[in-house]
Amino acid sequence: MKYYVTTSIPYASGNPHIGNVIDWLYADTIARYKKQQGFEVAYSAGSDEHGSKIYEKAQEAGIPPEQFIETVVPLIVAGHKLINSEYTHFARTNSKQHIAAAQKLWKQMGDDIYKSKYVGWYCVGCEEFKTETEVKENNGVCPLHNKPYERLEEENYFFKLSSYNQRLLQLIESGDFEVLPEFRKTEILNVIKTGLTDISVSRPKKKLPWGIPVPGDNTQVMYVWLEALMNYITVLDYPDGADFKKFWPTDLQIVGKDNLRFHAAIYPAMLMSAGLPVLKRLFVHGHLTVNGQKMSKTIGNVVTAKEVVDKYGADAFRYYFLRHVSSYEDGDFSWPTFEAAYNNELANELGNAVQRTAAMIQRYLGGQIGQLSGAEHDTGAVEQALAECRFDRALDSIWDKVRGLNQYIDEEKPWELAKKENEKEHLQEVLATQVSDLLQIAHLLTPFLPDTAAKIAAVFEAGTVKPIEGTLFPKDEVAKSTPAK
RNA sequence: CGCGGGGUGGAGCAGCGGCAGCUCGCGUGGCUCAUAACCACGAGGUCAGAGGUUCGAGUCCUCUCCCCGCAACCA
């Protein structure tokens, strides 16, 4: 039983965006879940290291692009560490392995790639082609350079995407390639139905020196996104590597909604063209807003994963973004909402349930838990939610259990049982049920909040209560260190 | 008529044909094992608007208004 989950790789031009981090969070949660279920799991992350933006940034910094990307990759790696994202494979598109494999794939696509001329509006000042709309909006004159756009021809390689229309429709409609959520499937089907056109997949090397050379034509380099999409394959050491043979095809690809077209249309077409099995499933998540606004440097509302993790820890970060950011739609972050979730749910409901249970066992039973009830737990709701990538719902239903436990404690009133000599046995049963519930909760929580789950399990696992040093989700500390905003 | 999402108590959301529900916040009460935590009860909604289908509509259909996102080879 193998499971391969892949995440879109961020462009290595600077610090990773919190949107990238959310990608990893979903992937990591699924990876841990599948591992828990006994699957052998591969989880790939990486960095996209070619293209004009990186080339320009490197020039600005006065260093060669090879060197520039080495300054960015550690930031991406650090981003994973920050939130406890444990990828098994890391794709670097400037690695020898990737370059060689990408060229192999290009050749594998055979006649689907052909040379043709691209004709468009070009601004000599900007040194780039402009879209029809942009040209129209500016009345045919580039506002930056105050020069009219020129009609220009350029030789490019093209990918015969148009010939995959029918096969893509069939693949997606049949569910052989599943697109989640349903409305994204509708969306991409509409796009495909209006007709996909062939797309340019290379650029003249003169204009874009930083890329992978087209095999057999060193005047052209591959378009960045084309070879970037190949990372999911090349990272497994395509075509002969053991990992490729074991893990391909991808079971679940995770992308943001901005990437829908690339990953739901172009990418599967490329795979078909190269004669490879198509990925099985694509999960498209939404974007994040801050205080209801799009995150933007201009507005100045950019929130980084680091700020949040530094203050509250990786598990609190994971908790908020998995539960309170909608898995399907766009989600919002704000400090007050985050802090409310932290205090009410993590500290008061979960943390306190652990604490009161541990304290009562120490006080009433001398720390000895005794016989656990072998009560059956219903985990169907969590499994169902995860099967649909509804991380938010999955945590909702785990929290139903947390609340249920607190209610149970209040109904049974162990502190009263403790006063009655003839209720000793009943008391032990009640407390054992609490422990069994908490162990169950910890088990369910493992993929979502790995550290927290391990801490809870450690308190009760041994049969004797081993209190946590400090507190799960300390409230006071946080209140002190974060004055009201 | 480019494509998609959304408009439900103060806030955030669920419900998608059968008594309007959840969390937060607010009010009242209970409890004392616990991280000033926990539990119960309550107030608060003409489900964006109009029309239609139906025994019955947030829920289906039509139209309108208002938000948001995506796309238009330029990853």
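- Within 4.0 Å (heavy atoms only), A:Arg390 reaches no atom of the nucleic acid at all.
- In the set B:G30, B:U35, B:G4, B:G4 carries the atom at the smallest distance from any side-chain atom of A:Arg184.
- Here A:Arg393 reaches the OP1 or OP2 of B:G15: one of its side-chain N or O atoms lies under 4.0 Å away.
- Both distances falling under 3.5 Å, in either a Watson-Crick or a G-U wobble arrangement, place B:C60 opposite B:G52.
- The neighbour count for A:Lys115 NZ, taken as heavy atoms of other residues, nucleotides or ligands under 6.0 Å away, is above 12.
- With hydrogens and angles ignored, a donor-acceptor pair under 3.5 angstrom links the side chain of A:Asn352 to the base of B:A34.
- At the heavy-atom level, A:Ile188 lies nowhere under 4.0 Å from the strands shown.
- Using a 4.0 Å heavy-atom criterion, one finds that A:Phe473 contacts the bases of the nucleic acid, with or without backbone contacts as well.
- Under the 3.5 Å distance criterion, with hydrogens and angles disregarded, no donor-acceptor pair is assigned to the side chains of A:Asp330 and A:Thr289.
- Counting to the nearest Å, the P atom of B:C13 and the CG atom of A:Asp392 are 11 Å from each other.
- Nucleotide B:U35 forms no Watson-Crick or G-U wobble pair with any nucleotide shown, as no partner meets the under 3.5 Å limit on both distances.
- Using cut-offs of 30° and 60° on the angle between ring planes, the pair A:Phe333 and A:Trp335 is perpendicular.
- Within the 4.0 Å cut-off from OP1 or OP2 of B:U23, not a single side-chain nitrogen or oxygen of A:Asn344 is found.
- Atom CG of A:Asp111 has 12 or fewer heavy atoms from other residues, nucleotides or ligands within 6.0 Å.
- Ring geometry, A:Phe158 versus A:Tyr114: the interplanar angle falls under 30°, so the pair is classed parallel (tilted spans 30 to 60°).
- Taking atom P in both B:A37 and B:C26, one finds a spacing of 11 Å when rounded to whole Å.
- The phosphate of B:C39 has neither OP1 nor OP2 within less than 4.0 Å of any side-chain N or O from A:Gln407.
- Pairing of B:G42, defined by two Watson-Crick or G-U wobble distances under 3.5 Å, is identified with B:C26.
- Within 4.0 Å (heavy atoms only), A:Ala340 reaches no atom of the nucleic acid at all.
- No contact: A:Gly51 has no heavy atom under 4.0 Å from any strand.
- Between A:Arg363 and the phosphate of B:A34, there is a side-chain N or O to OP1/OP2 separation shorter than 4.0 Å.
- Among the heavy atoms of the strands lying under 4.0 Å from A:Asp48 is at least one base atom, whether or not backbone atoms are also near.
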